[in-house]
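Reviewing the structure listed below.
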Amino acid sequence: MIAITVTVDADHLDTIEAVGAALQSHGMRVDQVYGTIGIISGAVGEDGRAELESVAGVQSVETEHTVQIPPPDADPQ
């Protein structure tokens with residue numbers, strides 16, 4: 001599973017919960033729905049990401065990236 005962030009288009013902000021349900025029916029695990037900013041976060045199998053882009057109300061699907069910073073006392077390279 002890869003972590004993703006889905007942006008909901010402006011025309012579907014009022015029905016973001018329905019967009020989230022549609023994403024779930026297309027294989028997405030929905031973790032959070034941020035209705036006021038039009039974002040749905042969660043995860044999907046590597047093969048399912050492209051299918052989510054065709055769901056009504058989806059503006060974009062982006063892969064989340066993790067950055068790890070070493071602790072302050074770590075030796076520099």
Side-chain angles (χ1 to χ4, degrees):
M1 298 280 275
I2 56 172
I4 58 169
T5 300
V6 175
T7 303
V8 176
D9 67 33
D11 293 337
H12 291 83
L13 290 178
D14 291 340
T15 59
I16 193 167
E17 294 293 335
V19 175
L23 291 166
Q24 283 182 316
S25 71
H26 283 83
M28 180 179 173
R29 184 191 75 217
V30 173
D31 295 332
Q32 293 282 335
V33 176
Y34 302 98
T36 55
I37 59 173
I39 299 290
I40 300 172
S41 65
V44 68
E46 303 236 358
D47 297 338
R49 186 180 180 277
E51 184 179 341
L52 298 179
E53 294 174 349
S54 67
V55 172
V58 171
Q59 180 174 331
S60 66
V61 178
E62 298 177 33
T63 303
E64 293 180 10
H65 300 283
T66 303
V67 176
Q68 190 167 7
I69 300 172
D73 59 343
D75 290 330
Q77 292 187 17

> What residue pairs, at least two apart or across chains, pass side-chain hydrogen bond (donor to acceptor under 3.5 Å, both in side chains) with a residue in residues 13-30?
Replying inline: Arg29-Asp31
>> Please evaluate residues Leu23 and Val58 with respect to the criterion side-chain contact (heavy atoms from CB on, under 4.5 Å), reporting the C-alpha separation (whole Å), side-chain torsions for both, the decisive distance (0.1 Å), and the verdict.
In response: CA-CA 9 Å; Leu23 291 166; Val58 171; 3.8 Å; yes
>> Would you compute the distance between atom CD1 of Ile40 and atom CD1 of Ile16 and round it to the nearest 0.5 angstrom?
In response: 4.5 Å
> Are any of the side-chain heavy atoms of Val55 and Met28 separated by less than 4.5 Å?
Replying inline: no
> Once you round to the nearest 0.5 Å, how far does CD of Gln59 lie from CG of Asp11?
Replying inline: 10.0 Å
>> Could you check whether any side-chain heavy atom of Ile39 comes within less than 4.5 Å of a side-chain heavy atom of Thr7, counting everything from C-beta outward?
In response: yes
> Can you name the residues that form a side chain to side chain contact (heavy atoms under 4.5 Å, CB included) with Glu46, not counting sequence neighbours?
Replying inline: Ile2
> At their closest point, which heavy atom of Ile4 faces which heavy atom of Val44, and how far apart are they?
Replying inline: CD1-CG1, 3.8 Å
> How far apart are the closest heavy atoms of Val8 and Leu13, and which atoms are they?
Replying inline: O-CD2, 4.0 Å
> How would you list, by chain and number, every residue that makes a side-chain hydrogen bond (donor to acceptor under 3.5 Å, both in side chains) with Ser41, sequence neighbours excluded?
Replying inline: none
